[in-house]
Each structure stands twice: as C-alpha cells, then as structure tokens.
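Here the structure comes first, spelled out in structure tokens, and everything after it is commentary.
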Amino acid sequence: MCHGPKGEGVAEAKLPAVRGTSMTVEKMITYLTKGDKEMTIHADPVADLNEEQAKAVAEFVKTLKE
C-alpha cells in the first residue's frame, strides 16, 4: 500500500520501490517489526504489525518482479 500497489514506489512521497528488493524475507520481518534506526521512514517498527503479518508482507514483496 505505502510503496505503491505493485511495489513501484511513490515519488511524490519519496517512498522507494520495493519490487525486486535484495532484502531477505527474514531481514524484512526484522525491519518491519523492530525498525531500523539508520533509516528515516522506518526508524521505528510499523505500528500494530506482528511477526506473522510482517512475514506475510515480506513474502508478498518478494513475489513482486521488476
């Protein structure tokens, strides 16, 4: 949703494409559930997203192709 319906990114909102990411499912789960203080947008975890939901999001993102 945030990075576009096909993971293509949203330029106006400065949200990068996630389609074709090299990030592993495991890394995405950690990123979504714990945040990453080196990032600006996802410094904090995604609110109300548990590990099971994060895994579903990550697995979906990995299906998106360039």
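We count residues from 1, following the sequence as given. Computed from a predicted model, the values in this text were never measured in an experiment.
- Atom NZ of K62 is surrounded by more than 12 heavy atoms from other residues, nucleotides or ligands within 6.0 Å.
- Side-chain contact between V61 and T21 is present, with at least one heavy-atom pair separated by less than 4.5 Å.
- Contact check for K6 versus R19: side-chain heavy atoms found under the 4.5 Å cut-off.
- Contact annotation: the side chain of N50 never approaches that of T33 to less than 4.5 Å [non-hydrogen atoms, C-beta and beyond].
- Residue V18 is grouped with residue V57 when hydrophobic side chains (ILVMFWY) are merged at heavy-atom distances under 4.5 angstrom, including chains of intermediate members.
- Of all heavy-atom pairs spanning E8 and A17, the tightest one is O-CB, 3.4 Å.
- A pairwise comparison of heavy atoms in K14 and P16 identifies O-CD, 3.7 Å as the closest pair.
- The CG atom of L64 sits 11.5 Å away from atom NE2 of H3, with the distance rounded to the nearest 0.5 Å.
- Here I29 contributes atom CD1 and E59 contributes atom CD; the two are 7.0 Å apart, rounded to the nearest 0.5 Å.
- The distance from the CD atom of E51 to the CG atom of L49 is 10.0 Å, given to the nearest 0.5 Å.
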